[in-house]
Colleague: 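Questions regarding the structure given below will be posed in turn.
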Amino acid sequence: MSDPRRITHLIDGRPWQGTAERTAPVFNPATGEQSGTVDLASAELVGAAVTSAKTAWQQWRSTSLAKRTQVLFAFRQLLHERKEEIAALVTAEHGKVLADAVGEVTRGLEVAEFACGIPHLLKGGFTENASTAVDVHSVRQPLGVVAVISPFNFPVMVPMWFVPLAIACGNAVVLKPSEKDPSATLAMAALWQEAGLPDGVLQVVCGDKEAVDALLTHEDVAAVSFVGSTPVARYVYETGTAHGKRVQALGGAKNHMLVLPDADLDLAADAAVNAGFGSAGERCMAVSALVAVEPVADELVAKITERMGGLRTGDGTRGCDMGPLVTRQHRDKVASYVSAGVEAGAKLVVDGSTGEFDADGDGFFLAPTLFDHVRPGMPVYDDEIFGPVLSVVRVASYDEGLRLINANPYGNGTSIFTNDGGAARRFQYEVEVGMVGVNVPIPVPVSYFSFGGWKNSLFGDAHAHGTEGVHFFTRGKVITSRWLDPSHGGINLGFPQND
Ligand code: NAD
């Protein structure tokens, strides 16, 4: 086994040369070996990165849209060319299979492509002669230094939900990736430098809570985009806003897939397996609760079980269907739900805690697991498990299924499987969830729409990317102007009125 590689911050366009007081191990989840050691930023280092970003911002905000756009196009091209290389880094530290990692980078790329249209997106309005000889126009200006704090499960795509738009809008960014798998994020960030982004406009600080707290309380951080678990999202929102920052904090999820009796059960079973076990269930849009409207549950469970028998779990570089979980600790936590589900009275249909895995070493594997007869009140239903555990909840009617979904404290994604257009239309109107799929199990909006959930899945008003992203990273200004000539003279202390 080779020595763990050092992974460090990207400050002012270069890898940091200092000595870290604290570090954390980074693993290859497929083998269980430590592959890297990541530096954890101190509050002082974060402060220095913010100050330097602020200096870089003064120049960047005055850089013309034509020049900013050139950087965006060059970055988009570089990321496109290096897609496989960066995806391999995702697989090496996150564990997801290579094809899935390429998919993640591709979805991130979409946001860079959207951001290439920034001249159009930033266009303001102009009204001529609003009052006699008075014109009014609006502009949107950057905020300054913004922080982006991302989770482990999408080390490229989630930072890309924010970074391209923040930069395109004329801000400087301090990005703090997850300490569990920072290498792909750092490689993506290095491409901005290669694309011609001036040093310091994008800083990457690796770290943990200390770095996050430093960003949340620093007076020169204007806004925070956070994605992670609900308790941390709530904390980030409350702390950031208490320090006067604009905050969007996307939290955890418990996504339901409602299957009506008229649905094509083969397609529904395919979708449940793909969305339940893809990326080992470590997706915020993974389906974790399948709500089967009777009388189809027996048939649906049989079809899902049959498909699960064909899944190969193992090293993500070997063409398997599903990889390991991100750390041993997370694997053990997810595995603990297998016994918790049984103890609570759910029926364990497929037990993933034992099995053969296609990998060398001692990886963090758990095979796909299926529970039936799950009910609210059981930990497998109530908790966000964030692993390859799918729970089937049986309900008697559409109304009972809808009530169940709307009573859940999360509201990230949901889907309905049906051939009845009227039922689908009713569902999309009545369900209290931010992203809805109709016969689409993982309804992640394309980049020109905005991504975000409701309730405990998002704290703050603005969703990610799309026009909401442009609004989040800018503030509006309205200018009223008149070019004076002698006829406008005279004293009048009254409130200005249009004439
Ligand atoms: P996490 O909350 O543990 O970590 C997210 C980020 O917060 C990381 O950068 C981490 O270093 C930092 N952090 C962790 N604990 C902290 C603390 N106590 N104080 C301050 N900062 C802290 O989440 P994770 O395990 O990396 O990611 C998985 C979670 O993210 C799941 O809950 C998943 O649903 C959620 N997620 C949500 C979305 C969404 O769009 N809503 C997208 C992806 C992931």
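Order of listing sets the numbers, starting from 1, for every ligand and every atom in it. The first residue in the sequence is number 1, and the count goes up from there.
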Colleague: Pairs of nitrogen or oxygen atoms, one from ligand 1 and one from the protein, closer than 3.5 Å: please tabulate them with distances.
Modeller:
residue: ligand 1; atom: 2 (O); partner: Ser229; partner atom: N; Å: 2.9
residue: ligand 1; atom: 2 (O); partner: Ser229; partner atom: OG; Å: 2.7
residue: ligand 1; atom: 9 (O); partner: Ser150; partner atom: O; Å: 2.8
residue: ligand 1; atom: 9 (O); partner: Lys176; partner atom: NZ; Å: 3.0
residue: ligand 1; atom: 11 (O); partner: Lys176; partner atom: NZ; Å: 3.0
residue: ligand 1; atom: 11 (O); partner: Glu179; partner atom: OE1; Å: 2.7
residue: ligand 1; atom: 26 (O); partner: Phe152; partner atom: N; Å: 3.0
residue: ligand 1; atom: 30 (O); partner: Gly228; partner atom: O; Å: 3.3
residue: ligand 1; atom: 32 (O); partner: Glu384; partner atom: OE1; Å: 2.7
residue: ligand 1; atom: 32 (O); partner: Glu384; partner atom: OE2; Å: 3.4
residue: ligand 1; atom: 34 (O); partner: Glu384; partner atom: OE2; Å: 2.5
residue: ligand 1; atom: 41 (N); partner: Gly251; partner atom: O; Å: 2.7

Colleague: Do the ring planes of Trp192 and Phe75 sit parallel (below 30°), tilted (30 to 60°) or perpendicular (above 60°)?
Modeller: parallel
Colleague: Residues two or more places apart in sequence or in another chain: which of them pass side-chain hydrogen bond (donor to acceptor under 3.5 Å, both in side chains) with Ser447?
Modeller: none
Colleague: Restricting to pairs with a member in residues 198-207, which pass side-chain hydrogen bond (donor to acceptor under 3.5 Å, both in side chains), not counting sequence neighbours?
Modeller: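 Of all non-adjacent pairs touching residues 198-207, those that pass side-chain hydrogen bond (donor to acceptor under 3.5 Å, both in side chains) are Asp12-Gln203, Arg14-Asp199, Ser52-Gln203, Gln193-Asp199.
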Colleague: Any side-chain hydrogen bond (donor to acceptor under 3.5 Å, both in side chains) involving residues 430-443? Give me the pairs, sequence neighbours left out, ordered by first then second residue.
Modeller: Tyr398-Glu430, Arg426-Glu430
Colleague: So with a 6.0 Å cut-off around NZ of Lys54, is the heavy-atom count from everything else above 12?
Modeller: no
Colleague: Do Thr8 and Asp39 have a side chain donor and acceptor closer than 3.5 Å?
Modeller: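 Distance-only check passes for Thr8 and Asp39.
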